[in-house]
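Read the structure below first, then the notes.
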Amino acid sequence: MTAKSKEREPAATLPVARVCVDVPLPHLDRPFDYLIAAADDAAAQPGVRVKVRFAGQMVNGFLLERVESSTHAKLAFLDKVVSPERVLDPEIARLARAVADRYAGNLSDVLRLAVPPRHARVEAQATTAAAEEGEPVEVEPARADERSAEQGSVKPGNAERAGDAQVGGEPAGSAAASAISSPVVGEAVASAGPGGGGAAGDSGEAVVSAGPGGGVAVGDSGEAVASADPGGGSTPGESGEVVASTDPHSGVAHGDPGGAVASFEAGAMASAGDGRGGEVVSGWADYPAGPAFLHALSEGRPARAVWSALPGEDWPARIAEAAAATVRAGKGVVVVVADARDLERLDRALSKALGDGRHVALNAAAGPSERYRRFLAASRHRVPVVVGTRAAMFAPVADVGLVAIWDDGDDLHAEPRAPYPHARDVLLTRAQLAGCAALVGGFARTGEGQLLLETGWAKEIVATRGTLRARSPAIAPTGDDPQLARDPGAVTARLPSLAWQAARQALQGGAPVLVQVPRRGYLPSVACAECRTPARCPHCAGPLGLAGARSVPTCHWCGRAAAAYACPACGGRRLRASVTGARRTAEELGRAFPGVPVRTSGRDEILDTVPGDAAVVVATPGAEPVAEGGYGAVLLLDTWALLTRADLRAAEETMRRWLSAAALARPAPAGGRVVVVADGSLAPVQALLRWDPGWFAARELAERRELGFPPAARMASLTGKAEAVAELLDATRLPPGAEVLGPVPASDDQERMLVRVSRGKAAELARALHEAASVRSAKKAALPVRIQVDPAELL
DNA sequence: ATAATAACGAGA
DNA sequence: CTCGTTATTATC
């Protein structure tokens, strides 16, 4: 179109483009200014993809904003606007920056996660469709050829079929512990502005009553509160740190806890007052705070809740109702689930609640072009609701009113690519920045969810004990006899008589039985041979491990040997390694119940549903099929393997898996039974028996506070060659009070160091690490170091 | 990758 | 002291 680059004229107004270039180097993690040619004036809008000459080569980038002038002397011209499509929503741009800051990462890395690769053909097609507007748009008719990449033409707004198609595309099971991260709200608050003083208290008293500083943020109080500073004095919130650019010494940006929570309560009253609204409220009426929450959503208020779902809950329907209420308020919704199976269920529920064409499902399994097509449907605001697996956490929607995550303890919510953000934290940050509602739901409750409640950032949605009694299956523990367990060949070894009876009764009644067995491959950990208390390092409380049969127990975290280890619970000096049970359970059970069909659901083949007939269904955690009418009995076997895993979150994860499986049983009045083969005095077992995930989460969180674990403290892990890690640490201006643990050997000649700080110093730590990484990358340090803030697995 | 710039050293 | 060459560093 234009002649030579020399002759280009800058655009008349706002001729300077601030561009985020797509290079992964930390020291280049800032916008660069380019001149916009007059010819590009119209297309060069914020959010478009651009190509620029950067350091002698052409690189891609995103146009972040247009400004009048630059401080930089001589600017180059934007080479070109790749497409006028504004794929980077301003809301997402802000979110991405906050996420990068929190995780000590680069904006460009986060944008790679947030904006799917462009697919020019899809963009052109979708443009055509959009131009025709009107009725439900069939996209392909003209160019349906193109091997139509995807099976069948999918209406831009309709994810239904696509959802079905994806089933089983992603591994549904999840093994390791869930990610350890914490509500980031603090950073988000950053933009809320300088707040008042520091927050008092370290122990989790909700410092909800924020000061007059009054940002929009509620959560920041949480940050401050959560800081595990032993001294408990006032800690600058993380927010303060991020705000630092403006006001380095501002303390915690005090939120306006009223904003969300109070209005939520106001809603409760209103709704309690008018008593009806049943048509809206539906299943949420089973929870005292449910109707109020829904009411708040339908009025577009930023209510925030942590929801403990009832056993047997049709959670996709509940989320769909919440989405519908938000849509009714004229706002957008983003929902993230862990895997394709959950997504499919939610997708169906949304089709039912919203009708066709009001939502899209985003997930990796859809393939690049379909994925981009759906992204565009959201980005162009043609649908108000986006659901998906973790990549959907960044999905653009018009005027976001609600972000929701289901089963936030599932480790699939942790993004495995740099900077390793966790979907829960991203969504909470998003809620904070956008001032929208948030829903964190699951059968279980994570430490992070509990923290949101204890800090007053979110409100609890739980059923009353009465409702719970009516809905829960009958749950009983049965001792796991170590004598029998030594003989894994015998069926009865793994199937105590109580479990066997429950199963047989259910089968005789024509109901299916679910048997949950852990997957193999957990890291061996050690525990007291006497009382089975997991062995922890006397120095840093990290988990101990045994390298060989005769070796000295050594800490997985700080590497110290604990030669004279004595169990803090019983004083025992002998340790034993726990070994995971085998997976022959299915065949064994087949023999135990002759004539009954045995089906398995696991890693390789995951069943979504099973009919409501007598059958034994053996499943690994996370792969349990939903049974029509619910299971007559659920058996939780080989629990020892789960409970003694080396991971920090072993107990929480165990709880999550048990509750998720037990939730599939019929209620006790309908004959549903759950038998957990574990000692009834163990805390997770207690919590299961009483169906009290809140109690358990509070207990977990209290313990983590004591031990200085996330989410009560914040940790960063640095992995790489020893000298590289040392170099990075050396360049890091660690916040005062930072604890450095390690080194611990990692895979092939790599090592790992951990840095622990109080939550109040979390932002400071992230910034310091990013800065240090910048220094290293600026001087072309060859050896890479992986920086993970709140790493998914903490051994 | 490459271009600008600082640093350096040899010959006037 | 200047020019020409080479390290350094920033990358609009």
Side-chain angles (χ1 to χ4, degrees), chain A residues 1-88 90 92-94 96-97 100-101 104-112 114-115 117-118 245 418-419 723-724 727-728 730-733 767-785 787:
Chain A
M1 40 168 125
T2 30
K4 297 202 180 87
S5 59
K6 305 283 177 202
E7 296 162 21
R8 280 188 289 197
E9 285 286 320
T13 56
L14 301 176
V16 175
R18 315 212 74 207
V19 173
C20 171
V21 292
D22 185 19
V23 290
L25 303 171
H27 68 289
L28 301 178
D29 184 25
R30 62 196 157 90
F32 290 89
D33 294 349
Y34 287 85
L35 274 176
I36 297 166
D40 291 330
D41 189 37
Q45 298 301 318
V48 300
R49 288 177 209 273
V50 294
K51 268 218 149 61
V52 294
R53 191 178 166 82
F54 184 76
Q57 19 187 33
M58 295 306 255
V59 300
N60 290 306
F62 289 99
L63 198 163
L64 299 174
E65 58 174 335
R66 284 180 66 158
V67 293
E68 197 47 61
S69 62
S70 171
T71 53
H72 195 81
K74 42 207 177 284
L75 300 186
F77 273 93
L78 265 182
D79 190 65
K80 70 172 174 183
V81 175
V82 173
S83 144
E85 189 78 39
R86 295 170 70 170
V87 286
L88 178 58
I92 303 306
R94 286 200 329 138
R97 184 65 260 174
D101 290 342
N106 300 321
L107 179 61
S108 62
D109 284 342
V110 179
L111 292 181
R112 244 195 300 271
V115 184
R118 177 169 124 95
S245 48
E723 61 262 44
E727 185 185 86
L728 179 72
D730 203 48
T732 308
R733 296 157 48 107
R767 201 165 40 109
L769 288 172
H770 189 245
E771 230 163 54
S774 298
V775 170
R776 264 172 47 84
S777 79
K779 56 181 183 197
K780 301 189 198 296
L783 299 169
V785 176
I787 301 175

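Proteins come first, then strands; the chains are lettered A, B, ... in the order of their sequence lines, and each starts at number 1. For clarity, every value in this text was computed on a predicted model and none was experimentally measured.
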Of all residues at least two apart in sequence or in a different chain, which pass the salt bridge (Lys or Arg N to Asp or Glu O under 4.0 Å) check with A/R30?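 So A/R30 forms no salt bridge (Lys or Arg N to Asp or Glu O under 4.0 Å) with any residue.
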Which atom pairs, donor and acceptor, lie under 3.5 Å between side-chain atoms of residues 67-81 of chain A and protein residues at least two apart or in another chain?
residue : atom : partner : partner atom : Å
A/S70   : OG   : A/D33   : OD2          : 2.5
A/S70   : OG   : A/H72   : N            : 2.9

Rounded to whole Å, please give me the gap between [atom1] in [X] and [atom2] in [N].
X: A/F54; N: C/dA10; atom1: CZ; atom2: C1'; answer: 8 Å
X: A/K74; N: C/dA10; atom1: NZ; atom2: P; answer: 13 Å
X: A/L25; N: C/dT9; atom1: CG; atom2: C1'; answer: 13 Å
X: A/Q57; N: C/dA10; atom1: CD; atom2: P; answer: 18 Å
X: A/I36; N: C/dC12; atom1: CD1; atom2: P; answer: 16 Å
X: A/K780; N: C/dT8; atom1: NZ; atom2: C1'; answer: 9 Å

Taking the side chain as every heavy atom from C-beta outward, state whether A/S108 and A/V23 have any atom pair closer than 4.5 Å.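 A side-chain contact is absent here, since even the closest heavy-atom pair is not under 4.5 Å.
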Under the rule for side chain to side chain contact (heavy atoms under 4.5 Å, CB included), what residues qualify as partners of A/A781, not counting sequence neighbours?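 So A/A781 forms a side chain to side chain contact (heavy atoms under 4.5 Å, CB included) with A/E727, A/R776.
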Counting the atoms with a prime plus P, OP1 and OP2 as sugar-phosphate, which does A/R18 contact under 4.0 Å by heavy atoms, base, sugar-phosphate, or nothing?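 If one applies the 4.0 Å heavy-atom cut-off, A/R18 turns out to touch nothing in the nucleic acid.
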In residues 27-35 of chain A, which residues come under 4.0 Å of DNA chain B by heavy atom?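 DNA chain B contact set from residues 27-35 of chain A: none.
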Heavy-atom contact window of chain A on DNA chain B, given 5' to 3' at under 4.0 Å: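 Range of nucleotides touched by chain A: B/dA1 to B/dA3.
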Do the charged groups of A/D22 and A/R49 touch, with an N to O distance under 4.0 Å?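 A/R49 and A/D22: not salt-bridged.
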Determine the sole option in A/L107, A/D101, A/V110 for which the side-chain contact (heavy atoms from CB on, under 4.5 Å) test with A/P419 is passed.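 Looking at A/L107, A/D101, A/V110, the match for A/P419 under the side-chain contact (heavy atoms from CB on, under 4.5 Å) is A/V110.
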Partner residues of A/F32 under the ring-ring contact (aromatic ring centres under 6.0 Å, His included) criterion, sequence neighbours left out: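 Only A/F54 meet the ring-ring contact (aromatic ring centres under 6.0 Å, His included) criterion with A/F32.
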A/R112 side chain to A/A418 main-chain N or O, any donor-acceptor pair under 3.5 Å?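 Flag not set: sc A/R112 to bb A/A418 has no pair under 3.5 Å.
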